2 protein chains.
Amino acid sequence: MMQAMATRAESAALTRRALLDAAADLLDLGGPEAVTLREVSARAGVTRGAPYRHFTGKDSLLTALATESWERITDQVHTLRTDPALSDSDKLRGALRVLIGVGRGQPHLYQMLFRRHGHRPEELGEGLDRVRRQLCAPAGDPAADRIRAAGRFQEEFLIIVTDLVGERNARHYGALLLASAHGIADMELTGHLSTDSLRTTSDELVDTLVRMVTDAGETT
Amino acid sequence: MMQAMATRAESAALTRRALLDAAADLLDLGGPEAVTLREVSARAGVTRGAPYRHFTGKDSLLTALATESWERITDQVHTLRTDPALSDSDKLRGALRVLIGVGRGQPHLYQMLFRRHGHRPEELGEGLDRVRRQLCAPAGDPAADRIRAAGRFQEEFLIIVTDLVGERNARHYGALLLASAHGIADMELTGHLSTDSLRTTSDELVDTLVRMVTDAGETT
DNA sequence: CATTTCAGATGACGTTGTCACCTTAGCGAC
DNA sequence: GTCGCTAAGGTGACAACGTCATCTGAAATG
């Protein structure tokens with residue numbers, strides 16, 4: 001009765017969306033362990049087997065969630081970058097804070113963004129080589145889609161860094177900035193960056209980071 | 001027949017160790033999902049219920065593994081710090097590389113080190129406040145033990161940073177360095193720090209990081 | 001030697017991911 | 001219109017898992 005009048009494709013799309021939304025809610029509430037395909041299905045108004053018509057399994061569903069989040073983040077950073085009112089360093093600070101903001105607001109979703117590629121037992125030990133292979137994987141493969149989405153974010157981010165430190169050092173400092181921001185976000189949400197014992201806030205750390213990189217980047 | 005002649009306490013200690021070792025093996029091989037209490041018990045030569053005499057559950061076992069690893073890492077860093085042949089910046093570089101080395105050599109164990117504190121559904125949303133409370137928790141509580149072990153590492157690490165940048169900025173730059181190193185390690189082991197597309201190695205990133213901090217730290 | 005205690009064994013239960021199989025409604029061909 | 005195809009969704013079942021209540025037997029204690 002909810003999706004009363006709907007063509008077949010529309011109905012399927014609605015179901016898929018409902019599954020993703022329900023999974024996102026459960027993920028925010030109780031982490032990956034709380035995302036149970038049965039509960040997701042129930043919240044989406046379908047039965048246990050329905051998700052397998054849209055995803056290959058639980059992992060695929062979680063990965064699709066991460067892909068969507070990467071795309072959302074990329075859009076935010078793109079908007080930041082093309083804002084003429086902001087200075088280059090403001091854009092960089094903003095981009096880093098977008099990432100940290102996700103970690104703060106949706107910690108479990110954030111951890112899905114940086115999940116290991118191919119964490120199945122049979123896929124271990126291949127490391128980064130697998131990533132390269134997956135970049136050539138067909139569209140629709142959930143894992144490959146997520147990697148590509150994360151890659152598009154990195155490209156967007158790299159443009160900002162390039163504007164600030166020049167093309168020569170952009171990739172090096174870009175990697176450093178990204179890794180540092182991720183480390184700050186991850187340690188904060190896991191409780192390992194105690195603001196009490198270390199007497200620092202994430203924002204101050206980002207400021208210091210950007211300042212150091214601009215200083216080092218200009219003189220090189 | 002293996003532990004033929006042994007008092008009860010000795011036998012129990014041997015079993016506990018065998019459980020931890022088996023769990024560590026499985027963790028290295030297939031990640032947390034592959035660590036099944038049944039398989040751990042089988043490899044340790046006991047039955048399914050035995051682990052519950054030594055740990056409160058699966059989570060407790062994994063947490064104990066992380067605690068042991070933190071202690072091992074702390075020892076390594078302490079050895080580095082008290083080595084008179086090393087310069088202050090060499091000690092710092094070494095300490096950061098110890099962390100990254102664990103991430104490279106035992107990726108799944110590394111991710112256990114930085115697991116979220118209290119990731120059970122009923123414990124969410126409390127954030128860092130929970131950490132402070134757990135610091136006062138009784139010894140034997142697996143989660144609190146791990147936090148304390150991680151704290152001891154941070155203290156050891158902070159001494160190195162203090163020697164390099166002075167006590168005034170030690171905590172700020174210490175947090176920054178630690179978070180950055182963790183970000184590098186984590187992004188490398190999850191495949192998000194592509195050495196191809198970014199044309200950088202973790203070692204180069206550490207070098208740049210230490211150089212930037214020493215420059216910024218001295219002038220402040 | 002009698003008793004307590006505790007490591008370990010065993011059986012059971014609920015939950016979960018996954019799949020094979022079935023049902024049914026939308027859609028095009030004629 | 002009707003027929004057949006296709007794919008979304010429903011249903012039952014299965015294996016694996018974490019966990020616990022209960023039992024057993026041997027070491028420890030007096």
Side-chain angles (χ1 to χ4, degrees), chain A residues 1-20 22-23 26-27 29-65 112 115 119-122 140 142-143, chain B residues 1-20 22-23 26-27 29-65 112 115 119-122 140 142-143:
Chain A
M1 51 183 69
M2 190 72 84
Q3 355 176 323
M5 296 300 168
T7 172
R8 178 144 67 145
E10 287 169 352
S11 167
L14 282 175
T15 300
R16 185 188 147 94
R17 183 98 298 274
L19 289 169
L20 285 167
L26 290 171
L27 183 64
L29 285 172
E33 332 272 298
V35 179
T36 208
L37 278 184
R38 286 167 151 87
E39 179 67 17
V40 168
S41 304
R43 293 195 176 207
V46 290
T47 54
R48 310 158 294 236
Y52 290 92
R53 290 288 141 190
H54 301 273
F55 307 96
T56 63
K58 175 178 179 176
D59 221 67
S60 167
L61 174 60
L62 255 15
T63 303
L65 232 44
M112 289 297 124
R115 270 230 301 211
H119 50 93
R120 289 266 178 256
E122 66 270 18
Chain B
M1 53 183 72
M2 190 73 83
Q3 357 174 321
M5 296 300 169
T7 172
R8 178 144 67 144
E10 289 169 351
S11 165
L14 283 175
T15 300
R16 187 189 146 92
R17 185 98 298 274
L19 288 169
L20 284 167
L26 289 171
L27 184 63
L29 285 174
E33 331 271 300
V35 180
T36 197
L37 278 185
R38 287 166 150 86
E39 179 67 18
V40 168
S41 304
R43 292 196 176 207
V46 290
T47 54
R48 305 156 296 236
Y52 290 92
R53 291 288 140 192
H54 301 272
F55 308 95
T56 64
K58 174 178 179 176
D59 221 67
S60 167
L61 175 60
L62 254 14
T63 303
L65 231 44
M112 289 297 124
R115 268 225 306 203
H119 50 92
R120 288 267 177 253
E122 66 271 18

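In what follows, chains are A, B, ... by sequence order, proteins preceding strands, each numbered from 1. Here the structure is a predicted model, which means the values were calculated and not measured.
- Rounding to the nearest 0.5 angstrom, the gap separating the CG atom in Leu26(A) from the CD atom in Glu33(A) is 13.0 Å.
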Every protein N/O lying under 3.5 Å from an N/O of nucleotides 10-17 of chain D:
| residue | atom | partner | partner atom | Å |
| --- | --- | --- | --- | --- |
| dG10(D) | OP2 | Thr47(A) | N | 2.8 |
| dG10(D) | OP2 | Thr47(A) | OG1 | 2.8 |
| dG10(D) | O5' | Thr47(A) | OG1 | 3.2 |
| dG12(D) | N7 | Arg48(A) | NH2 | 3.4 |
| dC17(D) | O5' | Thr36(B) | OG1 | 3.0 |
| dC17(D) | O3' | Thr36(B) | OG1 | 3.3 |

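- Between the NE2 atom of His54(B) and the C1' atom of dG18(D) there is a distance of 18 Å, rounded to whole Å.
- Screening residues 34-56 of chain A for side-chain hydrogen bond (donor to acceptor under 3.5 Å, both in side chains) gives Glu39(A)-Arg43(A) as the qualifying pairs, with residues at least two apart or on separate chains.
- For the atom pair CG (Leu27(B)) and CG (Leu20(B)), the distance works out to 11.5 Å, reported to the nearest 0.5 Å.
- Every residue meeting the side chain to side chain contact (heavy atoms under 4.5 Å, CB included) condition with Ala50(A), not counting sequence neighbours, appears here in chain and number order: Val46(A).
- In this structure, CG on Leu37(B) lies 6.5 Å from NZ on Lys58(B), to the nearest 0.5 angstrom.
- The nearest pair of heavy atoms linking Ala22(B) to Ala44(B) is CB-N, 4.5 Å.
- Taking atom CZ on Phe55(B) and atom C1' on dG18(D), their separation rounds to 16 Å, with Å as the unit.
- Between Asp59(A) atom CG and dT16(C) atom C1' there is a gap of 14 Å when expressed in whole angstrom units.
- Within the structure, every side-chain polar atom (N or O) of Tyr52(B) is placed at least 4.0 Å from both OP1 and OP2 of dC20(D).
- For Thr15(A), no side-chain nitrogen or oxygen approaches OP1 or OP2 of dA8(D) to under 4.0 Å.
- The distance between atom CG of Leu14(A) and atom P of dG26(C), rounded to the nearest whole Å, is 14 Å.
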